[in-house]
Amino acid sequence: MIKMAEQKQYRVKIDFRKCGNCGACVAVCPTEALHLDQIKLSSKDENCIGCEFCVITCPADALALSDE
Amino acid sequence: MNKAYDVIVVGAGPAGSLAAKHAALGGVSTLLIEKHPVIGCPVCCAEAISTTGLTNIVEPDPRWICSEIERVRLHGPGNSKAGIYHPKAGFVLERKIFDRAMAEQAAIAGADVKVGVDALDIIRGNNGDISGVVADDNGRSVEIGARVVIAADGVESQIACRAGLNPVLKPKDIHSSYQYLIGGIELEPRTLEFYFGNETAPGGYIWVFGKGGGLANVGLAIMPTKSPHKKAVEYLDEFIARRFSRYKIIERMTGGVPTYMEALPLYKDNLLLCGDAARVIDSLTGAGIANALLSGKLAGQTAARMVREGISGEFYRKEFLKIKGRELKFYYLCRQIYLKLSDDDVVNILRFVDDIFGEKEITGINPFEVITKIIMSHPKLLTLGRHLLTMN
């Protein structure tokens, strides 16, 4: 049996006290793992590939990734 | 399927409202949808615009003009500075009122306006063309038919992704921006202040745009790849503590400022993009309102003709690039040069700018000419520019 390389499951942690709902993270996310609706930002963690583009781009230090 | 329209415009910022207004004026049924319940809120904008950028498209109205700009002060590292005195240079707007006024104009022109409606996806008809959008209408899923869709849904445009245009930005193609509205400060009236330097705002700058009555937009944009760990908000907090002894923070806002792309995503099939969604930003200054207004107007006019005369979206792309193509490319090149400047280069440039403008009264500035002059007289910039041009 071939064992597949284990793929990490990332989780996007959003600090809503800091998030300004600007969508900068959505604009740089290559896999549509982030969505900004009428009220707030949400993440679709199964899409996240862990590139951290959103973390780097966030002006407000509101995002972090974990891979537990 | 709910009621169908000839044209649906997604997003009621300045680009979307102008698009809806001009589509409606073109005699086609038009719907303007905005995902937020209140148009003009939240504001993600420093709110300054040049006189021509505004008045070429919209008649100025004191209801949404906070301040008229007549002076610009540039500050660089080591207390270097330059001043430009240019009466009637531009305006600082009150976007909350401006955006609503633009949506009102769309409604007066005949467009339907609906708030709390978030366009989630496009619908494609049997022939492959876009035939409408799927939207969350205040919690209810709806399908709205349309013959032309205009996406003016901002930097985070989802419609463009769904339609197969690829506007996803790399962190090097976006500026991270943070801004406070502060009150209780004293500023030189009718003046825009800019602060440059790699310590102050790496790859970007800080602005202080007075709005009158002791209020100002104080914000900054940085290139995130130049500072992956220290965030925009930290640079801004440090600056405000240095610049103002007493102030009150009234509002805070964050933003992502997209950069021009070589292949601007302006249209695909019967989908037109305008404003930040189309990345029609002046890459050097990050200014976006004027290009948003123009792109919206042209997209709206084109959409009406697509419905009535069957012309292609290519018409919009050509018209927009005829007016703005060269300028957007030029500013993009300038941005690439700017990103490579050392603090000493900035000091030299400010000295040069001050020599040209000093405190002399300027009646008309052609930024093209000024920047070309700056580049031509600095061998390093000229070499950089040549190098960047040959790379492209």
Side-chain angles (χ1 to χ4, degrees), chain A, chain B residues 34-38 42-45 115-118 120 136-139 153-158 160-162 166-179 219-236 251-258 276-277 279:
Chain A
M1 201 169 83
I2 303 161
K3 199 177 173 195
M4 300 290 283
E6 203 176 316
Q7 205 159 22
K8 273 189 184 165
Q9 175 62 64
Y10 294 93
R11 204 165 63 82
V12 185
K13 294 195 286 186
I14 307 166
D15 184 341
F16 289 106
R17 291 164 303 178
K18 292 178 176 174
C19 175
N21 282 322
C22 65
C25 53
V26 181
V28 296
C29 178
T31 57
E32 294 188 40
L34 290 157
H35 177 72
L36 189 61
D37 68 11
Q38 296 105 313
I39 305 157
K40 63 181 188 180
L41 184 68
S42 59
S43 67
K44 205 172 168 184
D45 289 341
E46 63 270 29
N47 282 8
C48 179
I49 53 168
C51 69
E52 293 206 314
F53 284 1
C54 57
V55 178
I56 295 166
T57 305
C58 176
D61 199 17
L63 295 175
L65 295 189
S66 69
D67 58 358
E68 77 235 18
Chain B
E34 166 59 45
K35 70 177 174 183
H36 294 103
V38 179
V43 176
C44 296
C45 183
V115 296
V117 181
D118 187 11
L120 302 170
D136 176 323
D137 180 350
N138 296 282
D153 47 344
V155 63
E156 75 274 23
S157 177
Q158 298 284 286
C161 293
R162 297 280 177 256
N166 185 12
V168 175
L169 298 161
K170 299 255 165 55
K172 70 175 177 55
D173 296 322
I174 192 166
H175 273 76
S176 301
S177 173
Y178 205 95
Q179 178 175 272
L220 91 168
I222 62 166
M223 160 68 75
T225 49
K226 281 200 167 215
S227 182
H229 301 297
K230 188 168 166 182
K231 294 295 180 175
V233 59
E234 296 171 67
Y235 287 96
L236 185 61
E251 286 177 5
R252 72 178 169 98
M253 59 210 88
T254 61
V257 186
D276 279 7
R279 316 298 185 217

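Sequence lines set the chain letters: A, B, ... in the order given, protein chains first and strands last, and positions in each chain run from 1. Because the structure is a prediction, the values reported are computed rather than measured.
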Checklist entry - Between the main-chain N or O of Ala62(A) and the side-chain N or O of Lys231(B), is there a donor-acceptor pair closer than 3.5 Å? => result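 Checking the backbone N and O of Ala62(A) against the side chain of Lys231(B), no donor-acceptor pair under 3.5 Å is found.
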
Item to check | Pick from Gly20(A), Gly23(A), Ala24(A), Pro59(A) with the largest number of heavy-atom pairs that fall under 4.5 Å of chain B | outcome: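 Most heavy-atom pairs under 4.5 Å with chain B: Pro59(A).
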
Item to check | Leu120(B) portion near chain A, given a 4.5 angstrom heavy-atom threshold | outcome: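 For Leu120(B), side-chain heavy atoms alone lie under 4.5 Å from chain A.
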
Item to check | Per-residue contact mode, Asp136(B) against chain A (heavy atom under 4.5 angstrom) | outcome: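 Contact with chain A involves both backbone and side-chain atoms of Asp136(B).
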
Checklist entry - Roughly how far apart are Lys18(A) NZ and Thr254(B) OG1, rounded to 0.5 Å? => result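 Here the interatomic distance stands at 13.0 Å.
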
Please determine, among [options], the option with the most heavy-atom pairs under 4.5 Å with chain A.
options: Pro258(B), Gly255(B), Gly154(B), Pro37(B); result: Gly255(B)
options: Gly116(B), Gly256(B), Ala232(B), Pro171(B); result: Pro171(B)
options: Met253(B), Arg252(B), His36(B), Lys170(B); result: Arg252(B)

Checklist entry - Passes side chain to side chain contact (heavy atoms under 4.5 Å, CB included), Lys35(B) versus Leu36(A)? Steps please. => result CA-CA 10 Å; Lys35(B) 70 177 174 183; Leu36(A) 189 61; 3.8 Å; yes

Item to check | Min side-chain heavy-atom separation Glu156(B)-Leu34(A) under 4.5 Å | outcome: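 Contact flag for Glu156(B)/Leu34(A) side chains = no.
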
Item to check | Beyond-backbone contact of Val26(A) with Gln158(B), side-chain heavy atoms, under 4.5 angstrom | outcome: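 Val26(A) reaches Gln158(B) side chain to side chain.
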
Checklist entry - Of the backbone (N, CA, C, O) and the side chain (C-beta and beyond), which part of Cys29(A) lies under 4.5 Å from a heavy atom of chain B, both, or neither? => result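 The answer is the backbone of Cys29(A).
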
Item to check | By side-chain hydrogen bond (donor to acceptor under 3.5 Å, both in side chains) - contacts of Lys230(B) (at least two apart) | outcome: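 With sequence neighbours excluded, Lys230(B) shows a side-chain hydrogen bond (donor to acceptor under 3.5 Å, both in side chains) to Glu238(B), given in chain and number order.
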
Below 3.5 Å, can you tabulate the donor-acceptor pairs from side chains in residues 47-57 of chain A to any protein atom, sequence neighbours excluded?
from: Asn47(A); atom 1: ND2; to: Thr31(A); atom 2: O; distance (Å): 3.0
from: Asn47(A); atom 1: ND2; to: Glu32(A); atom 2: O; distance (Å): 3.3
from: Thr57(A); atom 1: OG1; to: Phe53(A); atom 2: O; distance (Å): 2.7

